[in-house]
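What follows is a single structure, written as structure tokens, with notes after it.
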Amino acid sequence: MVLSGIREVIWKGMEASNRTISERLLLMAQVLEILDENPFKVRAYRRASEIIGRLATPVAGLSITDLDAMEGIGEGVALKVQEIASSGTFRELEEALSRIPPGLIDLLNIEGVGPKTAKTLWQKMNITSVADLERAARARRIRALKGFGEKKEALFLRSIARQKTPATRMNREQADEIIAVIRTVMKEGTWTVAGSYRRGKSTVGDIDIVTTDDPRRVNSLLHGISDEMIDVGDKKTSFRCRGSRVDVRFTSPSMFGSMLLHLTGSAAFNIRMRELAISKGASLNEYGIVYTSQGISKEFSREEEVFFYLGLDFIVPELREDWGEVEAAHSHTLPTLVEQGQIRGDLHVHSSWSDGSMDIRSIARAGEELGYSYLACTDHSSSLGVARGLDEAALKCQAHEIEMVNRDTSCHILHGIEVDILADGSPGLPASALRDLDIVIGSIHSAFSQESDVMTRRIISAVSHEDIDIIGHPTGRLLGQREAYAVDMQRVIAAAAATGTALECNASSFRMDLDDLHIREAIQSGVKISIGTDAHGPRELHYLPYGLGLCRRGWATPSDLLNTLTCQEVLEYVS
DNA sequence: GCCGTTTTCGGCCCGACTGTTTTCAGTCG
């Protein structure tokens with residue numbers, strides 16, 4: 001099948017993003033699944049889609065050799081990636097798509113509908129869209145099919161209704177709120193949060209819990225906090241709480257380690273671990289390790305024991321993504337990651353001088369309570385009218401107040417600013433205003449929709465500006481609300497490496513920007529990372545661990561961060 | 001379709017729960 005003329009015109013001149021390529025490969029996997037093709041071929045496409053989808057660097061320009069060198073991508077997919085890069089699709093996908101009705105793929109988004117069900121609904125009832133499915137379920141026609149009944153109809157209808165308000169991934173603060181609700185019914189010391197939350201990801205799809213508590217006791221209590229119980233069992237229970245899915249796995253203390261390992265994931269990491277076990281003649285699951293030939297099984301109360309048993313160093317949850325950590329654990333070359341106790345301060349806080357709610361003294365007190373030796377007060381510059389930004393004169397007054405507060409606080413307030421990077425790349429305040437400040441963050445707050453090359457050059461000119469020390473929230477994304485602006489982070493990272501400018505890891509639960517993979521790339525290029533909470537009030541000062549988790553996911557060691565430096569060392573670094 | 005410290009052919013992680021069934025297929029994580 002040939003591309004439609006319209007799509008060809010739209011496509012012309014565009015370069016396929018990793019997201020586009022990833023989506024096309026996933027679509028191929030889904031279509032092949034419905035067509036009942038070799039499940040391992042399906043898995044290969046799915047895996048390639050995941051690998052490219054999470055990559056920070058664009059793959060569109062890569063050669064076949066470079067693509068083939070990537071774990072999980074072979075020559076077959078490499079050729080398809082190139083085809084997508086030049087045309088937006090590939091021949092085999094179009095061929096496969098021509099064999100199924102266009103709306104059928106959407107059915108896969110309905111809970112309880114997988115490839116087999118989709119195919120059955122299509123071939124036996126001519127259902128080819130979500131709308132068709134809804135009509136048939138309402139008319140109670142689906143129960144007539146062999147293998148389907150009333151409950152399936154009800155499930156489809158519930159799921160379709162929910163799909164009309166699509167569930168987005170939670171940010172970490174929202175996840176913390178749900179965990180707080182769960183805490184009200186769980187017995188202290190008997191449970192742990194696992195899953196992507198434990199791995200420190202910027203967003204969380206569902207909450208995973210491992211518990212040694214009694215299933216009957218817990219299940220009866222969970223009813224009280226659930227919107228809906230999805231599955232209830234004595235090994236596993238799933239329910240919905242405040243709109244989000246929660247999975248609970250029950251285990252015994254003697255098997256807690258392997259269950260926690262299993263439920264922490266990631267899926268790709270679990271597969272690697274199980275393949276490793278197979279290579280040693282064993283089988284790894286959430287209950288332990290089994291040597292099938294000899295019938296020997298082993299239980300693990302702690303995760304560490306599983307790693308040791310497989311000949312690996314312990315891999316912290318943040319690294320478990322199959323991004324090379326298993327190999328590093330095997331060769332004893334895992335990095336020693338930065339820890340919370342090594343953080344000496346927060347490098348991005350707003351005061352009531354601009355749009356924050358804390359005065360300088362409150363910030364200093366909060367810093368003392370958090371055990372910090374410094375906090376950077378970085379209000380907005382005057383070019384950002386909406387945030388009551390500071391001009392040069394106001395900055396002088398603020399300097400005086402900070403000086404007064406610094407006389408009697410153990411948490412030193414660094415006098416800084418978050419100056420706008422204007423549309424032309426210049427800072428929103430004159431050099432005379434910036435020169436005397438301790439620390440200057442440059443951030444984009446306007447003209448978000450500039451074309452990629454313009455935006456990239458704009459940010460690079462800020463990176464190169466002698467008074468700007470840190471680039472704030474470098475990609476500008478707002479989780480679930482606004483996409484990152486079009487910026488080539490590779491070029492920005494290269495420029496930052498050349499000038500010694502730090503890139504911020506903005507720890508606000510709404511931003512989480514830079515994210516893990518960009519942090520890793522920056523660190524590999526020798527760029528320093530600065531964690532800032534961007535706090536506008538006292539509660540938000542507690543965002544710092546969110547950012548720390550991202551840095552750990554980016555393989556950050558203490559020397560990769562500004563926040564592990566002493567106050568004096570920070571001043572020396574930025575001067 | 002990918003991959004190889006037994007292999008370039010023949011494998012490919014593993015288990016829970018539901019619904020609709022008389023033993024299991026399908027979905028999900």
(request) Check the angle between the aromatic planes of A/Phe307 and A/Phe269 and answer parallel, tilted or perpendicular using the 30° and 60° thresholds. (result) tilted
(request) Take A/Glu83 and A/Glu92 through the side chain to side chain contact (heavy atoms under 4.5 Å, CB included) test and state the conclusion after the steps. (result) CA-CA 10 Å; A/Glu83 218 180 315; A/Glu92 282 182 47; over 6 Å; no
(request) Could you tell me whether A/Lys146 sits above the aromatic face of A/Phe148, with NZ or CZ closer than 6.0 angstrom to the six-membered ring centre and within 45 degrees of the axis? (result) no
(request) Scan A/Asp68 against the nucleic acid and name what it touches under 4.0 Å (heavy atoms): base, sugar-phosphate only, or nothing. (result) nothing
(request) Could you give the distance separating B/dC12 and B/dT18 at their P atoms, to the nearest angstrom? (result) 29 Å
(message) Counting only side-chain heavy atoms from C-beta out, which of B/dC13, B/dG1, B/dG26 sits nearest to A/Lys116?
(response) B/dG26
(request) Taking only the side-chain nitrogens and oxygens of A/Lys236, find out if one of them lies under 4.0 Å from OP1 or OP2 of B/dC17. (result) no
(request) Scan A/Lys119 against the nucleic acid and name what it touches under 4.0 Å (heavy atoms): base, sugar-phosphate only, or nothing. (result) nothing
(message) Using a heavy-atom cut-off of 4.0 Å across all strands, would you classify A/Val42 as base, sugar-phosphate, or nothing?
(response) nothing
(message) Taking pairing as Watson-Crick or G-U wobble with both contacts under 3.5 Å, can you name the mate of B/dC17, or confirm there isn't one?
(response) B/dG26
(request) Measure across A/Glu173 and A/Asn171 and return the closest heavy-atom pair with its distance rounded to 0.1 Å. (result) N-OD1, 2.9 Å
(request) Kindly point out which of B/dT18, B/dG1, B/dC13 is positioned nearest to the side chain of A/Glu92? (result) B/dG1
(request) Between A/Phe40 and A/Leu108, name the one whose nearest nucleotide on DNA chain B is closer to the 5' end. (result) A/Phe40
(request) Take atom C1' in B/dG29 and the same atom in B/dC13, then report the distance between them in whole Å. (result) 12 Å
(request) Grab the CZ-P distance between A/Arg46 and B/dG1 for me, whole Å please. (result) 16 Å
(request) Could you check A/Asn285 against A/Thr117 and say which one's nearest nucleotide on DNA chain B is further toward the 5' end? (result) A/Asn285
(request) Measure distances between side-chain N and O atoms of A/Asn38 and base N and O atoms of B/dG1, and say whether any donor-acceptor pair falls under 3.5 Å. (result) yes
(message) What is the distance, to the nearest angstrom, from the CD1 atom on A/Ile142 to the P atom on B/dT20?
(response) 11 Å
(request) Rounded to the nearest angstrom, tell me the gap between atom CG in A/Leu284 and atom C1' in B/dG15. (result) 12 Å
(request) Choose from B/dC17, B/dG29, B/dG1 the nucleotide whose nearest atom is closest to any side-chain atom of A/Lys235. (result) B/dC17
(message) Just the rounded figure in Å: distance from C1' of B/dC17 to CG of A/Asn219.
(response) 13 Å
(request) Can you figure out which of B/dT20, B/dC28, B/dG1 approaches the side chain of A/Lys152 most closely? (result) B/dT20
(message) Side chain of A/Arg43 only, heavy atoms from C-beta on: which candidate in B/dC12, B/dC2, B/dG29 is closest?
(response) B/dC12
(request) Looking at every strand, decide which applies to A/Arg249 at a 4.0 Å heavy-atom threshold: base, sugar-phosphate, or nothing. (result) sugar-phosphate
(message) Using a strict threshold of under 4.0 Å (side-chain N to carboxylate O), is an ion pair present between A/Asp247 and A/Arg245?
(response) yes
(request) Mark yes or no: A/Arg172 above the aromatic ring of A/Tyr197, with NZ or CZ under 6.0 Å from the six-membered ring centre and no more than 45 degrees from the axis. (result) yes
(request) Taking atom C1' in both B/dT6 and B/dG11, compute the distance separating them and give it to the nearest angstrom. (result) 13 Å
(message) Taking B/dT7 as the reference, what is the distance to B/dA16 when you measure between their C1' atoms (whole Å, please)?
(response) 34 Å
(message) Rounding to an integer number of angstrom, what distance separates B/dT5 and B/dG15 when you compare their C1' atoms?
(response) 30 Å
(message) Less than 4.0 angstrom between a side-chain N/O of A/Tyr287 and OP1 or OP2 of B/dA16, yes or no?
(response) yes
(message) Without decimals, in angstroms, what is the distance between A/Arg47 CZ and B/dC3 P?
(response) 7 Å
(request) Quickly work out the A/Asp247 CG to B/dC17 C1' distance and round it to whole Å. (result) 11 Å
(request) With the side chain of A/Asp234 defined as its heavy atoms from C-beta on, choose the nearest nucleotide among B/dC17, B/dG19, B/dC2. (result) B/dC17
(message) Using a heavy-atom cut-off of 4.0 Å across all strands, would you classify A/Asn270 as base, sugar-phosphate, or nothing?
(response) nothing
(message) How long is the straight-line distance from NZ of A/Lys80 back to CD1 of A/Ile21, given to the nearest 0.5 Å?
(response) 14.0 Å
(request) Salt-bridge test for A/Arg138 and A/Glu134: reply yes if a basic N is under 4.0 Å from a carboxylate O, no otherwise. (result) yes
(message) In whole Å, I'd like the distance from the CD1 atom of A/Ile110 to the P atom of B/dT18.
(response) 21 Å
(message) For B/dC13 and A/Ser283 - does any side-chain N or O of the residue sit under 4.0 Å from the phosphate oxygens OP1/OP2?
(response) no
(message) Heavy atoms only, 4.0 Å cut-off, all strands: where does A/Ile73 land among base, sugar-phosphate and nothing?
(response) sugar-phosphate
(message) Using atom P in both nucleotides, what's the gap between B/dT22 and B/dC28 to the nearest angstrom?
(response) 23 Å
(message) In whole Å, I'd like the distance from the CG atom of A/Leu25 to the P atom of B/dG1.
(response) 12 Å
(request) Using a heavy-atom cut-off of under 4.0 Å over every strand shown, decide if A/Pro39 touches base, sugar-phosphate, or nothing. (result) nothing
(request) Go through B/dG29, B/dG15, B/dG19 for me and flag the one nearest to the A/Glu286 side chain. (result) B/dG15
(request) Give A/Ile278 one of three labels, base, sugar-phosphate or nothing, depending on what nucleic acid heavy atoms sit under 4.0 Å from its own. (result) sugar-phosphate
(request) Determine: side-chain N/O of A/Lys146 to OP1/OP2 of B/dA25, distance under 4.0 Å, yes or no. (result) no
